[in-house]
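These notes concern the structure reproduced below.
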Number of protein chains: 2
Amino acid sequence: MTLERLSSNKSFGGWNQQYSHASEVLNCTMRFAIFLPPQAEERKVPVVYWLSGLTCTDENFMHKAGAQRVAAELGVAIVAPDTSPRGEAVPDDPEGSYDFGLGAGFYVNATQAPWKTHYQMYDYVVHELPQLIEREFPVTDQRAISGHSMGGHGALVVGLRNPERYSSISAFAPISNPINCPWGQKALGRYLGDDESTWREYDASELLKAKGCALPLLVDQGDADNFLQEQLKPEALEIAAEGAGAPLTMRMQPGYDHSYFFIASFIEDHLRFHAQLFD
Amino acid sequence: MTLERLSSNKSFGGWNQQYSHASEVLNCTMRFAIFLPPQAEERKVPVVYWLSGLTCTDENFMHKAGAQRVAAELGVAIVAPDTSPRGEAVPDDPEGSYDFGLGAGFYVNATQAPWKTHYQMYDYVVHELPQLIEREFPVTDQRAISGHSMGGHGALVVGLRNPERYSSISAFAPISNPINCPWGQKALGRYLGDDESTWREYDASELLKAKGCALPLLVDQGDADNFLQEQLKPEALEIAAEGAGAPLTMRMQPGYDHSYFFIASFIEDHLRFHAQLFD
């Protein structure tokens, strides 16, 4: 795997960069963004992985969340992958919808044709990308994971299934119970097929119910979020956490919606939450 | 003039909003963005006007600069107009260039056909927009002005020509001496005609030389900015300020480029600079 640097911008004394590389698990060229704080010039730093929501690329979070300021203060790197495999060879939803196919990989390993050849975002995020990051950049193997909406779902699922690989998990407005909402049912049904029992491995509420969680979990949810009732269902996550005795802090934020204005308002809390749990 | 609200997002306890209105001086419908800090629910707050650069709209700064956090702390509103008149009736550069016409109004009052019918951004920014803002929103008549690149030029020119209307001026990578750079010569020549003596009213370095300035001025400039030598020429502004005894603080920022990563890194300093000079 060779990395090609696509951009490099100084930001809060550190560097905001984009790279492309050939992904073996996704069978395509992928782009990711990384913020390296100033401390990374002198020592290895831990990494917060950020998983974005539907329609996003590696750029949205780095441009809109205002996370670099606090990451530079805390000495934490941020890595933001793209939200699906990309490129001309990668099939997209023939209907061209925004919530399936390109920009909507849902962080699963697809088992159904034609998706399974490229849509292996779970393995990419859990294994291939961290391996690349830890080989090529001045980072430790301490990791936290966070994300928004579809990416909040991804962060919860990835963290809950791999607690040994992360020190903490957080999410903004995650799709908390995808097997019971339209976004999740559409994506999981097409990527994984009709056997709904296979969907549970990608449902944060089901995972929490089945496996519990010892890692600290922080979730922020705006109460003016248009998707709250139909798609996000934070109450399912809360009930599962309570049943499992998991250390979930769920904060309902009055007046906030689903946008990056919401994420920007609370990203500082999430980064401080993750940083205090790194060694 | 009636205002139509196009969007409203809660942000750091305040509100980030977009409005459209019929502009009399521009002869078209215009959109602007406003951030109202939480303090505006209880009292009138001062306003920092932000003028954006080439190709931008009212959105870029509000999405990418991360300014709302500090504005919410300081109790300062931010107003970001668009960078040119807009709409089907508004002529654009027939060559479709990015540096003239739509998205490139240069904050001048055009005197040449066909531009003069709509391209009156100077009057819009100095008079019409603040009048509207001060009538429709909970703001005082205390104003500061800032901007980036073409908008840094605009902020300097607007502030230097109207010192009684602003308490401070700042800029990021401004086009400091447009009569002597390609961007400025192209735009001023087309909007104002061949008589270069009319260009000087829109050249910050010439204005500073001719009129001086008693207002505090803060300018940040990245030394890795691709446009530094050919287009921006901060040294002309420094020489003019020194000659005029103007209170200019010019900061060269090592390693920073022309992007919003640069703006985001230093916007906090600019907002604090403006806020301390409000009553």
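Quick caveat: nothing in here was measured; it's all calculated off a predicted structure. Letters A, B, ... mirror the listed sequences (proteins, then strands); counts begin at 1.
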key: Engaged part of B:Gln253 at the chain A interface, taking heavy atoms whose separation is under 4.5 Å   = neither

query = Backbone N or O of A:Asn9 within a donor-acceptor pair of the B:Tyr256 side chain at under 3.5 Å?
reply = no

task = Check for a donor-acceptor pair, side chain of B:Lys10 on one end and backbone N or O of A:Pro254 on the other, with a separation under 3.5 Å.
result = yes

note = One should read off an interatomic distance between A:His63 NE2 and B:Phe261 CZ, to the nearest 0.5 angstrom, of 4.0 Å

query = Heavy-atom count around A:Lys186 NZ within 6.0 Å, excluding the residue itself: above 12?
reply = yes

ask   = For A:Lys64, does its backbone N or O pair with a side-chain atom of B:Tyr260 as donor and acceptor, under 3.5 Å?
value = no

remark   = Answer key: most heavy-atom pairs under 4.5 Å with chain A among B:Phe12, B:Phe266, B:Trp15 is B:Phe12

request  = Under 4.5 Å heavy-atom distance to chain B, tell me which part of A:Asn16 shows up: side chain, backbone, both or neither.
outcome  = side chain

task = Tell me, for A:Ser7 versus chain B, whether the close heavy atoms (under 4.5 Å) come from the side chain, the backbone, both or neither.
result = neither

inquiry  = Let's test your reading of the structure: which of B:Ser259, B:Gly255, B:Ala224 forms the most heavy-atom pairs below 4.5 Å with chain A?
reply    = B:Gly255

